[in-house]
Amino acid sequence: MDKQVNNEIMKQKIMVCCGTGCTANGGRDVYKAFLEQLSSISNIEVLPMVKQTGCNGWCEKGPLVKIMPEDITYCGVKVADVGEIIDKTLLQKQVIKRLLYRDPATKKHITSHHQTNFYRKQHKIALRNIGEIDPGNIQDYIDRGGYQALQKAFSSLTPQQLIDEIISSGLRGRGGGGFPTGRKWQACKDAQGSPKYIICNGDEGDPGAFMDRSIMEGDPHTVIEGMILCAYAVGASHGFVYVRDEYDLAVAYLKKAIQDARIHGYLGKGILGSNLNFDIEIVRGGGAFVCGEETALMASIEGRPGEPYDKYVFPTEKGLWGQPTIINNVESWANIPVIILKGAQEFKKIGTAGSSGTKVFSLVGKVVNTGLVEVPMGTSLREIIYEIGGGVLRNRSFKAVQTGGPSGGCIPASLLDLKVDFDTLTQAGSMMGSGGMIVMDDHTCMVEVARYYLNFLAGESCGKCTPCREGIRALLEILTRICDGEGQMKDLDLLEEISSTMQEASLCALGRTAANPVLSTIRYFRDEYLAHIKEQRCPAGVCRKLTTFYIEPEKCNGCGLCTRNCPANAIVGEKKQFHVIDNESCIRCGECYRQCRFDAVQVM
Amino acid sequence: MYIDPREYEYHSEYERMIKAYPPEQRYLLAIMQDIQKEFHYLPRLALKIISQHIGVPFSKVYAIASFYKAFSLVPKGRVVFRVCDGTACHIKNSETLIDQLHKQLGIGPGETSADGEYSLETVNCLGACALAPVMVVNGKVYGKVGPSSIEKIIKEYGGCCHGQAGK
Amino acid sequence: MFITINNRQIEVQTGETILQVCRRENIFIPTFCYHEAFGGQGACRMCMVEVKENGRNKNRLVAACTYPVTATIEVFTESDRVQQVRRTLVMLLKRRAAQDPYIEELAHKYEAPLLPKLKVDPQGCILCRLCILACEKMGKSAIWTVLRGIDKRIATPYDEETDECMGCKACAEICPTQAITFLEDGEKRSIWNKTFTLVSCERCGKPYATREQLEYMREQTGYETAQICEPCRKKTLASQVEKYQN
């Protein structure tokens with residue numbers, strides 16, 4: 001092969017998604033295969049060509065491979081496809097149709113992922129670099145405008161002007177509560193005391209949410225740049241990134257990013273020739289959901305059990321080791337460089353009056369396109385779930401969407417047109433939380449969902465204060481009773497009384513919001529509670545003690561899917577003849593009910 | 001306090017790992033994490049040394065070790081099955097996976113088989129919701145696992161089934 | 001600075017907690033986890049009171065034991081909201097310590113409904129943590145909380161006997177619900193999975209303290225004292241004072 005061709009090849013970039021979802025599907029093997037197979041072509045440097053990127057968000061279709069600058073996205077790429085991609089796409093500039101995404105509605109193949117419904121409606125700020133850069137390479141970040149906000153701040157903004165910019169951007173904390181970020185910074189700047197600390201809360205613990213992980217793994221420098229800007233604004237000398245225990249990859253990339261930032265003079269003494277001294281340390285969490293709460297997180301950094309304390313004096317005055325401290329969540333930090341670089345006014349144009357900017361949601365559950373989506377605040381649930389998410393799996397009927405994790409609530413179909421922002425979600429009895437969005441269909445039992453969350457919280461509460469510890473215990477007992485068909489009508493009143501005290505009297509936000517899953521499901525799905533209590537029936541076929549399945553002979557064509565999937569061997573029938581469930585050996589796991597393509601399996 | 005004599009074989013190793021950190025309370029978790037990573041649990045002797053090195057009462061060191069889920073106070077099995085029970089996995093029937101593993105391995109969530117072969121754990125969310133329900137066995141991720149495939153996965157790790165595993 | 005509590009003007013020092021003010025003024029606020037020796041923990045939440053603060057449009061409930069007064073506020077210690085919360089809290093705590101007379105009294109006062117009893121360890125423990133604080137202050141921190149969430153409890157590490165416990169019973173004496181049990185039989189005392197030998201008073205001959213306790217006192221004070229129990233010590237002291245007055 002001659003040199004010219006090789007130069008031509010080298011202009012191309014192959015970006016292999018190595019986010020969690022893609023890695024689990026073999027993304028890293030695909031990356032290695034590209035490296036190996038390309039190195040057999042002489043006269044090319046392989047490493048700059050093949051990049052492993054963070055999560056593209058479209059986990060459903062992974063592993064994803066993007067070819068730039070042609071902007072071709074291949075879905076579900078396997079190691080076996082790598083040779084063909086090199087031969088046809090890289091060398092001969094041909095698009096391989098079978099690896100493209102095929103729009104289920106129009107049946108058309110789509111070359112660039114940007115044209116898909118999943119991406120078209122998104123507006124990426126916090127996720128702007130993820131999937132576009134190698135998170136281990138600081139130059140990639142710099143090439144896309146990284147650390148320019150810092151240069152701008154140092155050369156043209158005073159600390160107060162920087163804070164004013166954040167205040168006027170209207171940015172609210174993305175970790176859950178939605179407290180105005182600029183006001184927090186102002187309070188810390190005004191507070192007496194030195195040193196001051198800055199903390200990045202990366203203890204993402206909501207089940208079903210993984211946006212922070214994706215940012216830390218896919219674009220660690222944006223978090224670091226955000227923190228340096230804050231250090232400059234409030235006069236802090238030391239920063240901590242508190243990362244959830246399970247996130248090994250995030251720790252690895254953050255470590256590398258911090259080292260590289262030091263080498264480039266963005267961290268350390270006299271940053272970029274200024275008199276700012278600031279450095280960042282990584283602290284690994286111990287595995288406790290409650291440490292997402294500010295005071296528990298600080299206790300954890302100090303080396304104590306993650307038990308919160310009353311915040312009548314804010315951390316901005318007395319935080320870590322009693323010093324003024326700022327805590328912001330990963331996604332908030334990722335927004336900071338963009339606000340400073342492009343200006344608050346640009347940022348404010350996006351979103352709603354009360355909630356500016358975008359929000360990243362992890363769209364999961366019974367939805368066609370699962371993954372991470374970033375949309376302007378004020379986008380309706382319907383747009384997110386149906387247009388971006390492609391609707392409910394298998395065209396089943398939508399029942400609810402759960403937002404805000406264990407602190408949030410379940411929002412019913414009647415509110416699908418709700419325009420999502422901090423305030424609308426709270427009004428609907430749920431919460432923004434960190435941005436989990438779990439779609440539920442008619443096979444999901446809402447009483448059991450409430451029980452699930454309370455069971456989660458029973459193990460995750462720190463156990464310090466009475467209302468949270470004993471309240472959760474009592475709620476869990478009652479919900480379990482109802483799921484087992486032993487509930488009574490007066491249990492509903494008891495659930496509400498205990499919930500109300502938990503909201504009023506709990507020490508921290510975990511306890512104050514712990515009853516939300518209960519209250520929101522009672523509010524919107526009372527009929528399901530009543531079915532469990534009065535009729536001893538679980539309409540969704542989930543609660544095992546209340547469920548019996550049967551197969552409707554007319555609908556069953558004997559395909560055998562249920563038999564193959566039954567873990568208890570409880571389904572019998574000849575091929576192409578209708579099948580029967582043996583109730584004696586059936587364990588009510590509902591696998592047949594979920595699997596059957598013809599709706600032949602029914603709940604009695 | 002009783003300490004398993006076998007732990008003394010690692011005495012110098014514990015000391016080396018623990019004393020790599022300055023004697024300050026803020027390094028408690030980091031030290032424990034190192035020990036947990038190396039030994040897959042927190043040995044009593046190691047906790048004792050930590051308590052002396054940091055100057056924090058043993059009861060408080062134990063309180064912290066038992067508070068955080070990242071730490072185990074008993075040795076984990078050779079094969080660790082971690083089933084994700086995050087919301088996305090839960091509504092896609094992860095409970096049945098847990099039940100099946102329980103039945104096949106003869107151990108419940110949080111338990112380790114008597115012969116030290118298997119541990120069963122549930123985790124709150126692995127952030128791989130697109131692959132729900134998800135299970136991780138010794139670091140390898142299995143996505144979209146059906147209850148009927150549990151038997152096959154256990155066999156991959158040298159187990160036999162129906163409560164007979166490792167016995 | 002002045003604040004109002006239940007519509008009454010009261011002078012306070014900046015930084016005092018609402019509970020400190022109320023105790024001084026003899027205003028009733030029930031507590032379980034508070035002890036003046038240790039300050040507020042904010043754990044039991046029985047001391048929740050309603051406050052009206054400047055700049056907040058809604059009143060909120062705060063824990064009187066941890067809320068420092070830093071501005072002029074209005075406090076209500078028995079509002080409907082407060083009573084409702086206390087009613088539920090007592091209902092929940094009574095499950096853990098059904099026999100406790102003070103809880104019974106509060107259950108009566110706030111008309112708390114009865115829920116089924118719970119089995120907890122130690123039985124009757126309401127996790128106020130005063131025992132931990134007492135042990136930390138008086139002894140060598142033999143006990144702490146273990147686990148978390150609804151499984152949280154007070155224990156020695158591994159539920160075994162410890163080198164730290166010296167059998168002084170400070171934990172049992174401070175416990176508001178008498179949940180920490182100990183056995184005393186002649187010269188033996190058993191507590192927290194450990195049995196101690198008691199030393200007898202040189203004056204009256206009654207066994208009064210553990211050997212470990214006296215040892216610890218020697219370590220702390222640095223001098224040897226006569227082995228005399230508290231009542232005898234007082235008697236001696238009284239007689240000396242008498243002599244001096246005569």
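Letters A, B, ... mirror the listed sequences (proteins, then strands); counts begin at 1. Just so you know, these numbers use all the heavy atoms, side chains as well, and skip hydrogens, waters and symmetry mates.
- Annotation for B:C125 and A:A209: closest pair SG-N, 4.4 Å, computed over non-hydrogen atoms.
- The backbone N or O of A:G303 sits nowhere less than 3.5 Å from a side-chain atom of B:E24 that would complete a donor-acceptor pair.
- Here the side chain of A:N565 pairs no donor or acceptor atom with the backbone of B:S148 at under 3.5 angstrom.
- Of the residues considered (B:C129, B:G143, B:S149), B:C129 shows the highest number of contacts with chain A, using heavy-atom pairs under 4.5 Å.
- How far CD1 of A:I301 is from CD of B:Q25: 13.5 Å, rounded to the nearest 0.5 Å.
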**Prompt:** Would B:E95 and A:R588 satisfy salt bridge (charged side-chain N to carboxylate O under 4.0 Å, His left out), going step by step from the backbone distance to the final call?
**Reply:** CA-CA 11 Å; B:E95 214 176 332; A:R588 274 91 176 151; over 6 Å; no
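- Among B:V134, B:V61, B:D85, the residue with the largest count of heavy-atom pairs under 4.5 Å with chain A is B:D85.
- The nearest pair of heavy atoms linking A:A24 to B:L131 is CB-CD1, 3.1 Å.
- For a residue to count as touching a neighbouring chain, one of its non-hydrogen atoms must lie under 4.5 Å from one of that chain's; by this rule A:E591 touches chain B with backbone and side chain alike.
- A donor-acceptor contact shorter than 3.5 Å is absent between the side chain of A:Y452 and the backbone of B:H90.
- Here the side chains of A:E307 and B:F67 are in contact, with some heavy-atom distance below 4.5 Å.
- The shortest non-hydrogen separation linking A:C589 to B:N93 is O-ND2, 3.1 Å.
- What you find for A:R304 and B:Y68 is that their closest heavy atoms are O-OH, 2.8 Å.
- Interface summary for chain A: among B:V123, B:V141, B:I54, B:I64, the most heavy-atom pairs under 4.5 angstrom belong to B:I64.
- Judged purely by atom type and a 3.5 angstrom limit, A:R213 uses its side chain to pair as donor or acceptor with the backbone of B:L126.
- Side-chain N/O atoms of A:R544 and B:T96 include a donor and acceptor closer than 3.5 Å.
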**Request:** Check the pair B:T87 / A:Y453 against side-chain contact (heavy atoms from CB on, under 4.5 Å), numbers first and verdict last.
**Result:** CA-CA 8 Å; B:T87 321; A:Y453 279 113; 3.0 Å; yes
**Request:** Please lay out, stage by stage, how B:Q33 and A:R284 fare under the test side-chain contact (heavy atoms from CB on, under 4.5 Å).
**Result:** CA-CA 8 Å; B:Q33 241 133 6; A:R284 302 205 59 174; 3.6 Å; yes
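- You'll find the side chain of A:I587 reaches within 4.5 Å of the side chain of B:Q100, heavy atoms only.
- Nearest heavy-atom pair across A:L393 and B:K92 is CD1-NZ, 3.9 Å.
- No side-chain donor-acceptor contact under 3.5 Å links B:N124 and A:E246.
- The two residues A:P207 and B:G86 come nearest to each other via the heavy atoms CB-CA, 3.7 Å.
- Between B:I91 and A:K366 the shortest side-chain heavy-atom distance falls below 4.5 Å.
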